[in-house]
Amino acid sequence: HQRTFFIITAMYLMYLRISEFVANERWIPLMGHFYKDGKDNWWFTTVSKGNKQRQITVSEDMLEALKKWRHYLNLSSLPPPNDNLPLIPKHKGKGAVSSIRMLRQLIQECFDETTLELEKAGEKDEAAIMERATVHWLRHTGISDDINKRGRPIIHVRDDAGHASIATTDLYNDAILQARHLSGRKKTV
């Protein structure tokens with residue numbers, strides 16, 4: 001469960017795509033891609049769609065999740081510079097996970113278990129929402145929550161999400177949609 005918790009946390013807090021966890025011909029996600037700059041800020045480097053490299057802000061909660069993950073793997077709390085261990089090692093064998101399908105299945109199993117628990121607790125509306133959740137939903141929810149609940153500047157969210165255009169990130173901004181609706185609601189003929 002630690003693997004699944006770490007992946008879900010990173011998808012939500014860092015807006016990672018599932019493909020950014022797996023090794024492929026152009027990128028192998030490593031522990032050393034988490035790094036601290038000269039001002040004690042933690043960052044994560046990934047390669048995303050279009051083969052674009054980006055640096056993502058690592059929050060304190062994400063750093064705690066990384067520590068728990070590394071503890072589970074019997075590693076030091078935080079990765080030293082140039083740590084070449086895979087971010088998500090294979091369950092059996094050596095090297096980094098290379099199967100998106102396997103990670104997707106782990107996350108879906110977690111969603112399914114959560115849905116069942118919500119149903120048992122009588123939380124039918126929440127269970128219905130969870131039943132429709134997808135892996136990519138974690139990224140979208142993280143982006144939306146940072147803009148609408150945590151008030152992060154949209155340009156910061158855009159850069160962490162790797163959106164080429166601020167217009168893409170604006171789609172997650174409920175305040176803009178609410179203002180737009182309010183301004184159009186009282187139009188008359």
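FYI, side chains are in, hydrogens and waters are out, and symmetry mates aren't considered; it's all heavy atoms of this structure.
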### Query
Can you name the side-chain contact (heavy atoms from CB on, under 4.5 Å) partners of Pro81, sequence neighbours left out?
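With sequence neighbours excluded, Pro81 shows a side-chain contact (heavy atoms from CB on, under 4.5 Å) to no residue whatsoever.
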Restricting to non-hydrogen atoms, name the atom on [X] and the atom on [Y] that form the minimum distance, rounded to 0.1 Å.
| X | Y | answer |
| --- | --- | --- |
| Val58 | Phe44 | CG2-N, 3.5 Å |
| Ala10 | Met62 | CA-SD, 3.6 Å |
| Lys52 | Ala164 | NZ-CB, 4.1 Å |
| Ser99 | Met102 | OG-N, 3.0 Å |

So Leu118 and Thr114, side chain to side chain contact (heavy atoms under 4.5 Å, CB included) or not? Walk me through it. CA-CA 6 Å; Leu118 288 167; Thr114 303; 4.1 Å; yes
ILVMFWY cluster, [X] and [Y] together (side-chain gap under 4.5 Å):
| X | Y | value |
| --- | --- | --- |
| Leu138 | Ile147 | no |
| Phe21 | Trp43 | no |
| Trp69 | Leu75 | yes |
| Leu30 | Leu63 | no |
| Phe5 | Ile88 | no |

Evaluate the side-chain proximity of [Y] to [X]: yes if any heavy-atom separation is below 4.5 Å, no if none is.
| X | Y | answer |
| --- | --- | --- |
| Met14 | Asp160 | no |
| Ser77 | His71 | no |
| Pro29 | Val47 | no |

| query | Looking at Val22, Leu106, Ile7, which one forms a side chain to side chain contact (heavy atoms under 4.5 Å, CB included) with Val97? | reply |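 Only one option passes, and that is Val22.
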Any chance you could lay out the side chain to side chain contact (heavy atoms under 4.5 Å, CB included) test for Tyr72 and Phe6, step after step, and finish with the verdict? CA-CA 11 Å; Tyr72 174 79; Phe6 176 74; over 6 Å; no
Please say whether more than 12 non-hydrogen atoms of neighbouring residues, nucleotides or ligands are located less than 6.0 Å from [atom1] in [X].
| X | atom1 | answer |
| --- | --- | --- |
| Glu60 | CD | no |
| Arg101 | CZ | no |
| Asn51 | CG | yes |

Quick one: pull up [atom1] in [X] and [atom2] in [Y] and give me the separation to the nearest 0.5 Å.
| X | Y | atom1 | atom2 | answer |
| --- | --- | --- | --- | --- |
| Glu109 | Glu113 | CD | CD | 7.0 Å |
| Arg139 | Tyr12 | CZ | OH | 14.0 Å |
| Asp146 | Tyr15 | CG | OH | 3.0 Å |
| Met11 | Glu20 | CE | CD | 9.0 Å |
| Arg152 | Ile143 | CZ | CD1 | 10.5 Å |
| Met31 | Leu73 | CE | CG | 5.0 Å |

Exercise for review: Look only at the side chain of Asp37 and the backbone of Asp40, and say whether a donor-acceptor pair between them is shorter than 3.5 Å.
Suggested key: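 Yes; judged by distance alone, with no hydrogens or angles, the pair exists.
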(message) Is it the case that the side chain of Asn148 and the backbone of Ser144 share a donor-acceptor pair, with hydrogens and angles ignored and the cut-off at 3.5 Å?
(response)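 Indeed, once roles are kept as given, a pair shorter than 3.5 Å links the two residues.
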Q: Could you check whether the rings of His136 and His140 sit parallel, tilted or perpendicular, using 30° and 60° as the cut-offs?
A: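 Perpendicular: the ring planes of His136 and His140 meet at over 60°.
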[X]-[Y] side chain donor-acceptor pair, cut-off 3.5 Å:
| X | Y | answer |
| --- | --- | --- |
| Arg54 | Thr46 | no |
| Thr141 | Asp145 | no |
| His33 | Thr45 | no |
| Ser76 | Arg70 | yes |
| Asp83 | Tyr35 | no |

Apply side chain to side chain contact (heavy atoms under 4.5 Å, CB included) to the pair Gln2 and Lys68, showing each step before the final yes or no. CA-CA 8 Å; Gln2 280 297 320; Lys68 287 178 184 175; 4.0 Å; yes
If a pair satisfies ring-ring contact (aromatic ring centres under 6.0 Å, His included) and one of its residues is in residues 83-109, list it, with sequence neighbours excluded.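 Counting only pairs at least two positions apart or across chains, no ring-ring contact (aromatic ring centres under 6.0 Å, His included) contact touches residues 83-109.
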| field | Derivation of the side chain to side chain contact (heavy atoms under 4.5 Å, CB included) call for Ile8 and Ile107 | value | CA-CA 7 Å; Ile8 287 173; Ile107 294 168; 4.1 Å; yes
